[in-house]
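Before any comments, here is the structure.
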Number of protein chains: 2
Amino acid sequence: MAQPRYRQIASELRDQITSGALREGDRLPTEPQLQERYRASRNTVRDATALLVNEGLVQRVPGRGGGMIVRRRVTLTFHAHRAEMPARPTAETDAWRSEVVAQGYEASQDFSLTIKSLSSDLAERLHVEPDSGAVLRRCVRYVNGQPSSLQDTYYPIDLAEEIRELLSPKDIPQGTTKLLADRGHEQVAYYDEYISRMPTPEETNLLGLQPGTAILLHIRTGYTEHRPIRVSFNIFAGDRNQIVTTHGDTRIIAKFRPAEAPE
Amino acid sequence: MAQPRYRQIASELRDQITSGALREGDRLPTEPQLQERYRASRNTVRDATALLVNEGLVQRVPGRGGGMIVRRRVTLTFHAHRAEMPARPTAETDAWRSEVVAQGYEASQDFSLTIKSLSSDLAERLHVEPDSGAVLRRCVRYVNGQPSSLQDTYYPIDLAEEIRELLSPKDIPQGTTKLLADRGHEQVAYYDEYISRMPTPEETNLLGLQPGTAILLHIRTGYTEHRPIRVSFNIFAGDRNQIVTTHGDTRIIAKFRPAEAPE
DNA sequence: CAGTGGTCTAGACCACGCG
DNA sequence: GCGTGGTCTAGACCACTGG
């Protein structure tokens with residue numbers, strides 16, 4: 001028995017899930033049932049199921065009629081290249097909303113605005129002095145009423161003073177990218193970072209994440225011809241989102257993936 | 001006490017980490033010390049530290065001289081757009097290796113080859129019949145001797161029969177992208193997917209992942225003018241990697257991020 | 001009310017590895 | 001050797017929620 005007891009139990013249950021014997025939404029045996037089946041104490045059984053929870057396979061639901069159920073994976077696809085490319089100045093919020101709707105879901109957003117002092121990390125990205133001011137525009141995005149992703153965008157304070165709409169605590173109808181372009185700050189280059197990590201407690205709350213859910217962090221820095229003018233942190237709940245981009249001749253891709261046709 | 005005990009303990013320790021009172025590599029108090037400090041049983045203390053472990057903040061090291069230490073985050077940056085763009089037929093393996101070396105680390109790889117039958121998901125991506133054959137070329141990539149990422153690339157079997165080198169169970173010096181281009185299969189479009197999730201047990205073993213480590217999955221489908229010819233699954237250990245791409249006028253980005261200058 | 005998981009205790013023995 | 005975390009047991013009381 002090289003493997004400890006709780007790992008053996010977890011493996012058996014995991015195999016039942018990956019093999020399809022247990023499907024999405026199905027219930028695992030209850031803890032007392034597992035205790036009896038494996039002749040183990042409750043803590044051992046819980047150690048086993050805790051592994052599955054942290055792998056994102058299973059969700060625990062307390063209360064009568066609850067239990068441990070196999071998690072569902074509904075994946076929303078977000079096209080990072082469609083929103084706000086230089087040649088296609090679509091509104092970024094509209095881009096997200098229309099993607100959601102096109103995939104058959106209902107979209108809504110919560111918006112908020114804060115004035116902040118920039119951390120050294122952010123100041124470096126925006127190429128300004130540390131502790132200089134910035135406008136933080138936060139947008140929590142809901143799919144079918146469930147929080148799905150979160151966008152934090154920082155603009156240097158001097159830009160916001162020039163373009164006062166950035167200070168308005170509500171959504172900008174045509175999208176900020178278009179607004180900035182109309183006012184002579186066209187973004188002509190993007191620096192994109194993709195990072196996978198576990199959420200902070202704040203992110204867990206804002207996105208309503210289950211234990212065992214990673215986040216997909218997409219950091220986009222936008223540049224005009226002269227300087228960086230904004231950094232966006234897109235935080236996606238990893239169990240409900242993926243990001244897609246394309247390069248090269250997209251007509252070929254559309255031929256084999258009809259859903260990718262650029263409208 | 002709305003918050004349970006173990007969450008309070010976890011919060012205090014987490015704050016010490018995020019505030020900098022505990023730095024990367026530092027040791028947390030031992031379990032007996034935490035029991036005494038918080039007057040809690042060992043299991044409660046372990047529930048608390050388990051949270052930190054699953055958040056990827058802390059690593060447990062058994063044995064005398066071990067303990068619980070704040071995890072280090074060494075981030076390797078991988079430029080998804082540099083490798084194998086149509087206009088820049090750099091060898092993909094060389095591209096990865098040179099990135100690692102440029103960032104001051106030592107690079108090595110383990111290569112293996114398998115002939116497989118395609119799952120329906122993969123068959124769809126490659127636009128061939130389900131259960132048709134494919135060559136799987138796997139490359140486990142090490143940074144400073146530590147496994148860092150994993151690349152699984154699938155080629156349709158008919159392509160491998162035309163280009164026999166794909167069946168050779170070793171690395172292709174000039175890179176497969178260049179090889180395919182030289183033989184009349186130039187990739188002119190890419191479909192990229194980015195996904196964040198917890199690892200499977202197999203991935204955990206191959207990459208030597210700690211609990212609480214998510215993976216960053218980058219799926220790239222390459223197309224010639226006529227059809228998809230390969231799917232690559234790049235699986236990155238989330239605690240040691242990020243992916244970067246750029247769009248638009250990269251000279252501007254290079255001006256503000258000198259490290260991004262295209263060599 | 002009854003059954004689910006959530007939290008917590010107080011013990012026990014073990015494997016590992018530095019000193 | 002001996003202190004670290006790894007595993008496991010046998011209990012207890014609680015909060016929640018469907019029937």
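Letters go in sequence order (proteins before strands), and every chain restarts at 1.
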**Q.** Member of A:I17, A:I69, A:L13, A:L22 meeting the side-chain contact (heavy atoms from CB on, under 4.5 Å) criterion with A:V58
**A.** A:I17

(Q) Students often mix this up, so state it plainly: with edges at 30° and 60°, are the rings of B:H218 and B:Y194 parallel, tilted or perpendicular? (A) parallel

(Q) Nearest 0.5 angstrom please: A:D131 CG to A:K116 NZ, how far? (A) 12.5 Å

Q | More than 12 heavy atoms from other groups under 6.0 Å of CD on B:E124 | A | no

Q: Determine whether more than 12 heavy atoms belonging to other residues, nucleotides or ligands lie under 6.0 Å from atom CD of A:E24.
A: yes

Q. Can you name the one residue among A:D171, A:D110, A:D152 that meets salt bridge (charged side-chain N to carboxylate O under 4.0 Å, His left out) with A:R138?
A. A:D152

Q) Under the side chain to side chain donor-acceptor pair (under 3.5 Å) criterion, do A:T49 and A:R60 qualify, and how do the steps go? A) CA-CA 9 Å; A:T49 54; A:R60 287 172 170 156; 2.9 Å; yes

Q. For residues 52-66 of chain B, which residues have at least one heavy atom under 4.0 Å from DNA chain C?
A. B:G63, B:R64

Q.
Just to be sure I understand the geometry, which residues of residues 41-51 of chain A put a non-hydrogen atom under 4.0 Å away from DNA chain C?
A. A:R42, A:N43, A:R46

Q.
I'd like the 5' and 3' limits of the part of DNA chain C contacted by chain B, with heavy-atom contacts below 4.0 Å.
A. C:dT7 to C:dC18

Q: Would you kindly give the CE-to-P distance between B:M68 and D:dG3, to the nearest whole Å?
A: 17 Å

Q. Is there a side chain to side chain donor-acceptor pair (under 3.5 Å) between A:T114 and A:R137 once you walk through the steps?
A. CA-CA 7 Å; A:T114 324; A:R137 297 173 66 87; over 6 Å; no

Q.
For B:Q151 and B:R141, which I'm curious about, is there any donor-acceptor pair between the side chains at under 3.5 Å?
A. yes

Q: Take B:Y191 and A:T245, measure what side chain to side chain donor-acceptor pair (under 3.5 Å) needs, and give me the verdict at the end.
A: CA-CA 6 Å; B:Y191 184 78; A:T245 66; over 6 Å; no

